[in-house]
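Remarks on the structure that follows.
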Amino acid sequence: MNSFWNKNIDLFNQRFPELSKSLETKKSDDLVLEEGRNGTVTAKYNGLLLHSKYNPVKEAETLISSFDPKIHDTVIFLGFGLGYGPIEFAKKHPDATMILVEKDSSRFFSAIDVLDWSDVFRHKKIILLLGAGEEEVSALLGKCKTEATAVYKTKAQCAHSENYFSAVENTLKQNSQKEEINTNTLERFARLWLNNSCRNLDYLQSLDGVIKYRNLGKEIPFVILAAGPSLESILPHLEEIKKRAMIICVDTALHACLRQNVEPDFIILADPQYYCSLHLEFLSAPSSILITEIAAYPSVLRFKCRETVLFSSLFPIGQFFESQTGEKGKLAAVGSVTTSAWDFARLCGAERIFIAGMDLGFPGKETHIRGSRFEEKNH
């Protein structure tokens, strides 16, 4: 076993030098090693066998047999016991991405003490998440495409940290649901995006992109205005705020700003639907800069303002057109246009960002600030 340990620990230190420095080289004290019927080693935890007592290698081969390189490009092991699964996978799929998740790093050190992990450490695409927090794991796994990812979890190998692995599984389920929603959204609005993008095509070459503002606002505080009911308390101070900060206003909050006789520095509209274009209807902001994308409803690009600037399209057809004309600059979009406003402030290099009116609830049983189109529509 010492020969395995010396070889494995050297390869681990070489492949993951920073990770090896951050972990205590301690082996698990709650694993009971046993010899299997065919002479291979297996282990128990609280009476549970982590691997087959007869043939752990064959068991691992059966486990990973569902991995299809034509469909999958990534595998996630939630726990791995002594490592039979990852070892066999590394041998059979050298080009796939391997992600190994284990909360208790001492189990990893116990594993590399009894089996030869050299194929794993020499694998071209290997990610070890040892002792990582749930948020760190969730952030990384959130980037995996559900359809292209195989997930392997054995109940006995996760029993020592059941809540931890359940939380990670929930993250994977949420990613799957999010991808399903995005797919359904694409199917539902594809015709609208195509129609708007084609009608706005001339603007793609004539308008600048947000990329021109990159890192120009490092020394300036930014204030993002959303249209929640709490924005009402900020409006009386808006004129003074504008003297001290750059104001980014989402489309739904523009009416409230103009009612206060304050034109924001930037206005952001990201949704391509007709109803969102109505937030700008009959309004004008001659000193403001409108930030939108090529799939916006056509009337948005006729809004009277100082300048209209585009960000990279969120939708496939716009992305295709943009690939022929040059990148405008990407902004994130997750659920709310305020996300895009935040990302624009970050693109500008802002180090201080304040948000007003982003109510994650319904204060006073209200959904939007008084006078907004949403509020007027409800009335």
Side-chain angles (χ1 to χ4, degrees), residues 71 73 142-148 174-214 226-227 248-254 266-285 288-305 307-344 347 372-374 377:
I71 301 173
D73 58 21
K143 298 177 182 179
C144 298
K145 293 182 179 178
T146 303
E147 292 181 357
Q174 289 169 7
N175 290 343
S176 177
Q177 292 169 353
K178 182 175 67 177
E179 288 180 15
E180 184 179 351
I181 290 171
N182 289 341
T183 299
N184 292 340
T185 303
L186 281 171
E187 292 176 356
R188 182 179 178 185
F189 293 108
R191 188 184 295 270
L192 171 65
W193 296 329
L194 175 62
N195 186 41
N196 288 354
S197 297
C198 289
R199 291 172 67 183
N200 295 334
L201 200 52
D202 288 344
Y203 291 103
L204 199 57
Q205 285 187 304
S206 62
L207 298 180
D208 289 337
V210 293
I211 199 167
K212 73 177 184 178
Y213 296 111
R214 188 182 297 279
I248 305 175
C249 174
V250 306
D251 50 356
T252 49
L254 179 60
F266 297 97
I267 304 162
I268 290 194
L269 186 149
D271 197 311
Q273 296 183 79
Y274 164 71
Y275 293 103
C276 287
S277 73
L278 298 181
H279 295 307
L280 306 185
E281 190 179 35
F282 306 127
L283 301 179
S284 65
S288 300
I289 296 172
L290 174 65
I291 297 173
T292 188
E293 72 125 287
I294 200 66
Y297 194 78
S299 64
V300 170
L301 293 167
R302 297 192 292 271
F303 177 69
K304 293 181 181 179
C305 57
E307 182 184 6
T308 299
V309 177
L310 299 177
F311 62 91
S312 294
S313 182
L314 304 171
F315 313 115
I317 186 65
Q319 292 166 5
F320 169 75
F321 290 147
E322 190 177 329
S323 69
Q324 311 299 310
T325 60
E327 185 183 350
K328 297 298 183 181
K330 295 180 180 179
L331 296 182
V334 185
S336 168
V337 66
T338 309
T339 304
S340 301
W342 171 275
D343 213 35
F344 175 68
L347 180 140
S372 71
R373 179 163 288 274
F374 277 135
K377 182 76 173 175

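Position 1 is the first residue of the sequence; numbering continues from there.
A 4.5 Å side-chain heavy-atom check between Phe311 and Leu347 finds every atom pair outside the cut-off. Side-chain contact between Phe320 and Ser313 is absent, with no heavy-atom pair separated by less than 4.5 Å. Contact annotation: the side chain of Leu310 never approaches that of Asp208 to less than 4.5 Å [non-hydrogen atoms, C-beta and beyond].
One distance of note links CG of Leu269 with SG of Cys249; it measures 10.5 Å at 0.5 Å rounding. Rounded to the nearest 0.5 angstrom, Ile248 CD1 and Ile267 CD1 are separated by 11.5 Å. We find the CD-CG distance between Gln273 and Leu278 to be 11.0 Å, quoted to the nearest 0.5 Å. One finds the CZ atom of Phe303 at 5.0 Å from the CG atom of Leu254 (value rounded to the nearest 0.5 Å). Atoms OG1 and CG, on Thr252 and Leu280 in that order, are 10.0 Å from each other to the nearest 0.5 Å. Rounding to the nearest 0.5 Å places NZ of Lys330 at 10.5 Å from CD1 of Ile211.
Between the side chain of Ser340 and the backbone N or O of Ala332 there is at least one donor-acceptor pair closer than 3.5 Å. Side-chain atoms of Glu293 come within 3.5 Å of backbone atoms of Ala295 as a donor-acceptor pair (strictly under, hydrogens ignored). Counting only distance, with no hydrogens or angles, the side chain of Asn200 and the backbone of Ile294 share a donor-acceptor pair below 3.5 Å.
What you find for Cys305 and Ser288 is that their closest heavy atoms are CB-O, 3.3 Å. Of all heavy-atom pairs between His279 and Leu283, the closest is O-CD1, 3.3 Å. When all heavy atoms of Val250 and Ala341 are compared, the closest pair comes out as CG1-CB, 4.4 Å. In this structure, Asn196 and Pro298 approach most closely via the heavy-atom pair OD1-CD, 3.7 Å.
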Does the side chain to side chain contact (heavy atoms under 4.5 Å, CB included) test come out yes or no for Leu301 and Leu207, once each step is laid out? CA-CA 10 Å; Leu301 293 167; Leu207 298 180; 4.2 Å; yes
Set out, in order, the CA-CA distance, both residues' side-chain angles and the distance that settles side chain to side chain contact (heavy atoms under 4.5 Å, CB included) for Asp271 and Val337, then state yes or no. CA-CA 8 Å; Asp271 197 311; Val337 66; over 6 Å; no
Run the numbers on Lys328 and Leu204 for side chain to side chain contact (heavy atoms under 4.5 Å, CB included), then give the verdict. CA-CA 9 Å; Lys328 297 298 183 181; Leu204 199 57; 4.1 Å; yes
Stepwise side chain to side chain contact (heavy atoms under 4.5 Å, CB included) test for Phe344 and Val210: CA-CA 8 Å; Phe344 175 68; Val210 293; 4.1 Å; yes
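Close placement of the Phe266 and Tyr213 rings is indicated, their centers lying within 6.0 Å of each other.
Considering only residues two or more places apart in sequence or on other chains, Thr338 meets the side chain to side chain donor-acceptor pair (under 3.5 Å) condition with Ser336. Scanning for salt bridge (charged side-chain N to carboxylate O under 4.0 Å, His left out) contacts around Glu327 gives an empty result, with sequence neighbours left out. Considering only residues two or more places apart in sequence or on other chains, Ser312 meets the side chain to side chain donor-acceptor pair (under 3.5 Å) condition with Glu322.
A 6.0 Å sphere centred on CD of Gln205 holds no more than 12 heavy atoms belonging to other residues, nucleotides or ligands.
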